[in-house]
Amino acid sequence: MATKVLVIGACGQIGTELTMRLREIYGGEQVIASDIREGSEEIMASGPFESLDAMNKSQIEDVCLHYQVNEVYLMAAMLSATGEKFPKKAWSLNMDSLMHVLDLAKEGKIDKLFWPSSIAVFGPTTPKHDTPQHTIMEPTTVYGISKQTGERWCEYYHQKYGVDVRSMRYPGLISWKTLPGGGTTDYAIDIFHKAVAGENYNCFLSENTELPMMYMEDAVRATVEIMRAPSEEIIERSSYNLSGMSFTPQDIANEINKHVPDFSISYEPDFRQQIADSWPSSIDDAPARKDWNWKHEYGLDQMVTEMLSHLK
Ligand code: VAH
């Protein structure tokens, strides 16, 4: 049967680029973009769009039945920093939306499901360097708690009901196509917009805050690859560690300075510093590399070159 995809949250930071990649692969008409509000011209012009509330199960079910959808990517979520301002909303959005699509899959209305987790599932008691796939997970943000709980539900629905749900723990993601949306790692996007505008960047994290990061191109490719892998290769049905690079605000500022000599950075840590301090500095993604042949392609220098060339 032809692959028919629904992307929920198609107009967000990951959803925007993921939707365009899926349309390149499967054809525009085969990939339905949906979100609470309309998206970029590119998204709206390149295939079907449905206005959809990720917290409304019957709306999701109606769209799946109408288009005969067989794969769903649930990309809608409230991220770490915003989640701390609206904890109950973050919990409802991040959990209700997942339970709806897991139940639709259990009911046989969806064949295959992708759901993003995050390195935010780790907390201050997690080993900070080369954080392993299986380790202590005591997240201290609502976002991290929702992602840890979601991972438990994904594994439960796979083991108990045979649901083919796949997931990965994204590091901080860096992209140029969409503006950042409430993430603690989004300083690494803001900094480029300031650099190309010829402005100084006042960073909300301290200069030595090392965090796991990834260029969006790598993240989108990983998402497509895990979904196209044979089911028997997907051993971890909670969520896979995924790693690209790790860097500090000072590291990325130094790399930008190679291209924009006048650019300067200052530091004024805010509430997001405490969130960042609770996360790992680097991630061991050996299981993803072994099970479904994952490998990252972008390092800091290539990413900075790409980001500046697209934003200039
Ligand atoms: C955030 N960008 O900052 C997200 C991500 C690892 C961080 O999940 O909340």
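As the structure lists them, so they are numbered: ligands from 1, and atoms in each ligand from 1. These numbers were taken from a predicted model, which means no experiment stands behind them.
Checking side-chain atoms of Tyr215 against main-chain N and O of Val304 turns up no donor-acceptor pair under 3.5 Å. No donor-acceptor distance shorter than 3.5 angstrom exists from the side chain of Thr16 to the backbone of Gln13, with no hydrogens or angles considered. The main-chain N or O of Phe263 is found under 3.5 Å from a side-chain atom of Asn257 such that the two form a donor-acceptor pair. Judged purely by atom type and a 3.5 angstrom limit, Thr209 has no side-chain atom pairing as donor or acceptor with the backbone of Leu205.
Across Ile174, Val121, Thr184, heavy-atom proximity to atom 3 (O) of ligand 1 is greatest for Thr184. In this comparison of Thr185, Ile119, Leu173, the heavy atom closest to atom 4 (C) of ligand 1 sits on Thr185.
Of the protein's heavy atoms, Ser80 OG, 2.6 Å lies nearest to atom 9 (O) of ligand 1.
Atoms of ligand 1 found under 4.0 Å from any heavy atom of Leu79, numbered from 1 in the order shown, are 9 (O).
Judged purely by distance below 3.5 Å, without hydrogens or angles, the side chains of Ser80 and Thr184 pair a donor atom with an acceptor atom.
At under 3.5 Å, not a single nitrogen or oxygen of Trp279, backbone or side chain, sits near a nitrogen or oxygen of ligand 1. Between Asp186 and ligand 1, no N or O atom pair is found at a separation short of 3.5 Å. Considering backbone and side-chain N/O atoms, Tyr170 never comes within less than 3.5 Å of an N/O atom of ligand 1.
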For this session: Tell me, with the steps shown, if Glu217 and Arg221 meet salt bridge (Lys or Arg N to Asp or Glu O under 4.0 Å).
Result: CA-CA 6 Å; Glu217 178 55 36; Arg221 180 171 54 80; 5.3 Å; no
